[in-house]
Amino acid sequence: MNALELHALHKSFGNVIALDNVSLSIPAGSRTAIVGPSGSGKTTLLRMIAGFEFPDSGRIAMHGQWLVDDAREVAAHQRNIGYVPQDGALFPHLSVAANIGFGLAGDRTAKRQRIAELMDMVALDASMGQRWPHELSGGQQQRVALARALAQNPAIMLLDEPFSALDTGLRSSMRKAVSKLLSDAGITTILVTHDQAEALSFADQLAVMRQGRLIQAGSPMQLYRHPVDEQTAVFLGDAIVLPAWVEGDIATCELGEVPVVEPRRQGAAQILLRPEQLTVSALDQLHDPAHSSVGRVTDIDFAGGSCILTLELAARTTASGELIAHRTLNVRNPGINIPALGSMVRLSTAGEAHVL
Ligand code: ATP
């Protein structure tokens, strides 16, 4: 059964349409990440699921029971949904321990024990229990907010940019730890993030929003490889979009012939490749010219384990006499065996292209 069913949700603030006909199913126990540019409606959607915002029209069901429809609006505190807002929203007049224990049932000893467990779960040192929220860093405040939400044993957890205040290393380890914690507890989780890499690695289901609309939802790999349009492709990662001629399941482009799967159109089209699908090798190596092309290295952006090579493909004339101006492509290359600046290299493709 789905943990949540969102059906045709609509919400306006004055003349701003924050949500426009949004429908989405969230399987029980799954992790869904919602991504989209600033102002695309992500927080509004999360607040609506939590019960802090109500739709102008549309319905929400949780485990098959209506939370919101034409006849009812179940209040936030009756939903058993945990919500960690962007800023943590801790009670400023309560200590860390009191924030986490707020609303916990049981006697003093049981409460103290549960608070200690929860602090441990979110990697907060026990000595922080007596601090005030203003004495914590942004990342620590976010973890207290998470512990406070976990204390309620919610069936669904909503996380709005919960790792944004953490530095890169801690962010990744916290993400993994929280993800495991929520999975082990069987808590259905919805994460809003600006970080596409975070969304791709965290989620079973990825939902992309733009201007209040849900543009595409599916597995991270499906969306990354087969985005519905160029904007979504670029939003989810570095993209190489090339004009091509599609015939059957082969697209012919400046990089030669590239296989495509179930192309949505034949003839003139745009195709998408990800930079990791391009491989650079020395010109003297044997290659099938139908599946590769030649370019000059015009820039090298070294980043340790990998580097980005800027390659300029020569201008050329197609069989029909059409002139294709020279094109510049960025290609990801390992940080070793880097070709020299100005050298000519062969560029080959791997895997399938996606027809946009
Ligand atoms: P961000 O990534 O910047 O947090 P978002 O995708 O979460 O953005 P929302 O906060 O949901 O976007 O906002 C969607 C739109 O609705 C925006 O144009 C925003 O200005 C508007 N909006 C949200 N809440 C309100 C409100 N209470 N009153 C008026 N407008 C609002």
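Because the structure is predicted, anything quoted here is derived from the model rather than measured. Note that ligands are numbered from 1 as they come in the structure, with each ligand's atoms numbered from 1 the same way.
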Heavy atom of the protein closest to [atom] (residue, atom name, distance):
atom: atom 15 (C) of ligand 1; value: G39 O, 3.8 Å
atom: atom 13 (O) of ligand 1; value: T44 OG1, 3.7 Å
atom: atom 26 (C) of ligand 1; value: F13 CD2, 3.5 Å

Can a side-chain donor-acceptor contact be found between [Y] and [X] if the only test is distance below 3.5 angstrom?
X: R31; Y: S183; result: yes
X: E257; Y: T252; result: no
X: E5; Y: S25; result: yes
X: D204; Y: S30; result: no
X: S127; Y: D125; result: yes
X: R210; Y: T232; result: yes

A18, any N or O under 3.5 Å of ligand 1 N or O: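 N/O-N/O distance under 3.5 Å: no.
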E53-ligand 1 polar pair, N/O distance under 3.5 Å: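 No, since none of the N or O atoms of E53 sits under 3.5 Å from an N or O of ligand 1.
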Once you restrict to heavy atoms under 4.0 Å, what part of [X] touches ligand 1? Side chain, backbone, both or neither.
X: Q86; value: side chain
X: H194; value: side chain
X: V16; value: side chain

Stepwise salt bridge (Lys or Arg N to Asp or Glu O under 4.0 Å) test for R171 and D195: CA-CA 11 Å; R171 187 183 177 116; D195 184 332; 3.5 Å; yes
Mark up the atoms of ligand 1 that fall under 4.0 Å of a heavy atom belonging to [X], in ascending order.
X: T43; value: 4 (O), 5 (P), 7 (O), 10 (O), 11 (O)
X: K42; value: 1 (P), 2 (O), 5 (P), 6 (O), 7 (O), 8 (O), 11 (O), 12 (O)
X: P37; value: 6 (O)
X: S40; value: 5 (P), 6 (O), 12 (O)

Flag: protein heavy atom within less than 4.0 Å of atom 3 (O) of ligand 1: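 Flag for atom 3 (O) of ligand 1 set to true, protein heavy atom closer than 4.0 Å.
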Heavy-atom protein contact below 4.0 Å for atom 19 (C) of ligand 1: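 It does not: no protein heavy atom is found less than 4.0 Å away from atom 19 (C) of ligand 1.
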G36 to ligand 1, any heavy atom closer than 4.0 Å: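 Judged by the 4.0 Å heavy-atom criterion, G36 does not count as contacting ligand 1.
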Within-shell test, R47 vs ligand 1, heavy atom, strictly < 4.0 Å: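 It does not; every heavy atom stays at 4.0 Å or beyond.
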G212, S38, G14, S12: member with heavy atom nearest to atom 1 (P) of ligand 1: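 Minimum heavy-atom distance to atom 1 (P) of ligand 1 goes to S38.
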R327 (side chain) donor-acceptor with E312 (main chain) under 3.5 angstrom: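 Pair absent, no side-chain N/O of R327 close to backbone of E312.
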F202 six-ring centre to R175 NZ/CZ under 6.0 Å and within 45° of normal: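 So R175 doesn't make the cation-pi contact.
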Distance in Å, L24 CG paired with T32 OG1, rounded so as to fall on 0.5 Å steps: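 Nearest 0.5 Å value for the CG-OG1 distance: 6.5 Å.
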Parallel, tilted or perpendicular, as decided by the 30° and 60° cut-offs, for the rings of F102 and F91: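 Taking F102 first and then F91, their aromatic rings sit tilted (interplane angle of 30° to 60°).
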